[in-house]
Amino acid sequence: MSLARVHNFSISLDGFATGEGQSLDAPFGHAGERLHEWMFATRWWHEMTDRPGGTSGLDDAYVRQFTPGIGAEIMGSGKFGHPGWHEDPEWKGWWGPNPPFHTPTFVLTRRPRPSIEMEGGTTFHFLDASPAEALRTAREAAGGQDVRIGGGPTTIRDFLADGLVDHMHIVVVPILLGRGVRLWDGLEDVQKDYDVEAASSPSGVTHMTFTRTGL
């Protein structure tokens, strides 16, 4: 069976994956871009945004694992859009006409809408489904490849709580946010089901990988 994977998911030292006060103008609330500056510096990101340069060390090696072997993505409503996006029938996500997913992408929402076909192979499908139901649907669409659980923190937490995540890459960024949405709430001892490894980067972040024991 294909795996359910999380990649490049950044949290602060105090466990917040997004800040407080998310809006159209502030997708990560008061956190701004601080959780993702490590990624923006990599050569992979520069290639994605058609710019020269970028770092080619440990951070770049990890961030490049985002795409290989992925046949579908699942994301939460809060990742797809700002609070209130449901009221805008023209909203098609944050990423412009050619989103970076290039696969069927399933948005979990209690207010589904018709699917949206984008450039580059991404089609957004909107599901009102439990994590297990959504994963079954995404695996069917993935054609034998893995499914990426893309976030945000509430979605990943729900999949972890239901025991559905096989591999997870968490990036601990050396900042304190103090408020927002935390990843680990309610997940006491979740690490016991995984082999956990950590690698420190010269950029200051720590890459942590959780691989289900026995995989």
Side-chain angles (χ1 to χ4, degrees), residues 2-11 15-31 35-36 66-67 70-143 145-166 168-170 179-187 190:
S2 68
L3 303 181
R5 295 159 41 187
V6 174
H7 286 284
N8 306 334
F9 195 77
S10 298
I11 63 172
F16 291 95
T18 190
E20 189 176 80
Q22 291 174 276
S23 69
L24 178 60
D25 296 324
F28 292 95
H30 82 288
L35 286 170
H36 306 100
F66 176 81
T67 300
I70 295 293
E73 165 143 347
I74 298 170
M75 67 174 65
S77 174
K79 178 175 177 178
F80 180 73
H82 57 91
W85 68 262
H86 298 89
E87 307 300 330
D88 180 1
E90 301 302 317
W91 181 259
K92 297 180 180 180
W94 300 103
W95 305 278
N98 188 2
F101 311 110
H102 310 302
T103 65
T105 300
F106 297 89
V107 181
L108 299 181
T109 173
R110 298 195 181 280
R111 297 172 63 183
R113 60 171 60 180
S115 297
I116 304 173
E117 186 173 349
M118 307 292 287
E119 297 176 12
T122 300
T123 299
F124 291 115
H125 304 282
F126 301 87
L127 296 180
D128 183 2
S130 69
E133 292 168 340
L135 186 56
R136 283 195 294 270
T137 299
R139 278 182 166 144
E140 291 176 2
Q145 297 192 86
D146 293 345
V147 175
R148 184 172 51 239
I149 313 299
T154 302
T155 296
I156 292 176
R157 188 166 63 235
D158 289 346
F159 276 79
L160 284 168
D162 286 356
L164 298 174
V165 176
D166 299 301
M168 181 168 61
H169 168 223
I170 301 294
R179 51 199 167 95
V181 183
R182 288 170 47 90
L183 174 63
W184 302 120
D185 288 352
L187 294 176
V190 69

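Predicted, not measured: the structure shown is a model, and the values here were computed from it.
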Using the rule given for side chain to side chain contact (heavy atoms under 4.5 Å, CB included), can you reason through Val165 versus Val6, listing the C-alpha separation, both sets of side-chain angles and the distance that settles it, and then say yes or no?
CA-CA 8 Å; Val165 176; Val6 174; 4.2 Å; yes
Over 60° means perpendicular and under 30° means parallel, so classify the ring planes of Phe101 and Trp95, tilted if in between.
perpendicular
For the backbone of Leu164 and the side chain of Asp162, can you confirm whether one donor and one acceptor N or O come within less than 3.5 Å of each other?
no
Verdict with reasoning, Met118 to Phe124, per side chain to side chain contact (heavy atoms under 4.5 Å, CB included)
CA-CA 8 Å; Met118 307 292 287; Phe124 291 115; 3.7 Å; yes
More than 12 non-hydrogen atoms from neighbouring residues, nucleotides or ligands closer than 6.0 Å to CZ on Arg111, yes or no?
yes
Heavy-atom closest contact (Ala72 atom, Ala138 atom, distance):
CB-O, 3.6 Å
For Gly71 and Gln145, the nearest pair of non-hydrogen atoms, with its separation, is N-CB, 3.6 Å
Would you kindly say whether Ser23 and His82 are connected by a side-chain donor-acceptor distance under 3.5 Å?
no
Do Glu133 and Ser130 have side-chain atoms, one donor and one acceptor, less than 3.5 Å apart?
yes
Output the distance between atom CZ (Arg110) and atom CG (Asp128), rounded to the nearest 0.5 Å.
6.0 Å
Sidechain-backbone polar pair: Arg157 side chain, Gly152 backbone, donor-acceptor under 3.5 Å:
no
Ignoring hydrogens and geometry, is there a side-chain-to-backbone donor-acceptor pair from His30 to Glu20 under 3.5 Å?
yes
Exercise: identify the closest heavy-atom pair between Leu135 and Ala4:
CD1-CB, 4.1 Å
Minimum side-chain heavy-atom gap Leu24-Trp94 below 4.5 Å:
yes
With side chains defined as the heavy atoms from C-beta onward, is the minimum distance between Leu3 and Val147 less than 4.5 Å?
no
Can you give me the closest heavy-atom contact between Thr155 and Gly76, atom names plus distance?
OG1-CA, 3.2 Å
Distance col, row Asn8:CG vs His169:NE2, nearest 0.5 angstrom, shows 5.5 Å
In sequence, state the C-alpha distance, the side-chain angles, and the governing distance for Trp184 and Ile11, and then conclude on side chain to side chain contact (heavy atoms under 4.5 Å, CB included).
CA-CA 10 Å; Trp184 302 120; Ile11 63 172; 3.4 Å; yes
Sidechain-backbone polar pair: His102 side chain, Gly120 backbone, donor-acceptor under 3.5 Å
yes
Decide whether Thr109 and His86 meet the rule of one side-chain donor and one side-chain acceptor closer than 3.5 Å.
yes
Test your reading of the model: is there a side-chain donor-acceptor pair from Trp91 to the backbone of Phe80, 3.5 Å cut-off?
yes
So does Asp166 pair up with Arg139, basic N to acidic O under 4.0 Å?
yes
Where the side chain of Thr105 meets the backbone of Thr103, is there a donor-acceptor pair that is under 3.5 Å apart?
yes
Rounded to the nearest 0.5 Å, the CD1 atom of Ile170 sits from the CG atom of Leu183 at a distance of 5.0 Å
The reported gap from OG1 in Thr154 to CG in Leu108 (rounded to nearest 0.5 angstrom) is 11.5 Å
Are Glu73 and Lys79 within salt-bridge range, i.e. N to O under 4.0 Å?
yes
Can you confirm whether or not the ring centre of Phe106 sits under 6.0 Å from the ring centre of Phe126?
no
For the backbone of Ser115 and the side chain of His125, can you confirm whether one donor and one acceptor N or O come within less than 3.5 Å of each other?
no
Looking only at heavy atoms, the pair that brings Arg5 and Ile70 closest together is CZ-CD1, 3.6 Å
Less than 4.5 Å apart, side chain to side chain, heavy atoms only: is that true for Ile156 and Met168?
yes
Answer yes or no on whether Arg148 is positioned over the face of Phe66, meaning its NZ or CZ is under 6.0 Å from the six-membered ring centre and within 45° of the axis.
yes
I'd like to check Pro153 versus Val181 (side-chain heavy atoms, cut-off strictly below 4.5 Å). Are they in contact?
yes
Of the non-hydrogen atoms in Thr122 and Pro99, which two are nearest, and what is the gap between them?
OG1-O, 3.7 Å
Would you kindly say whether Ser77 and Trp85 are connected by a side-chain donor-acceptor distance under 3.5 Å?
yes
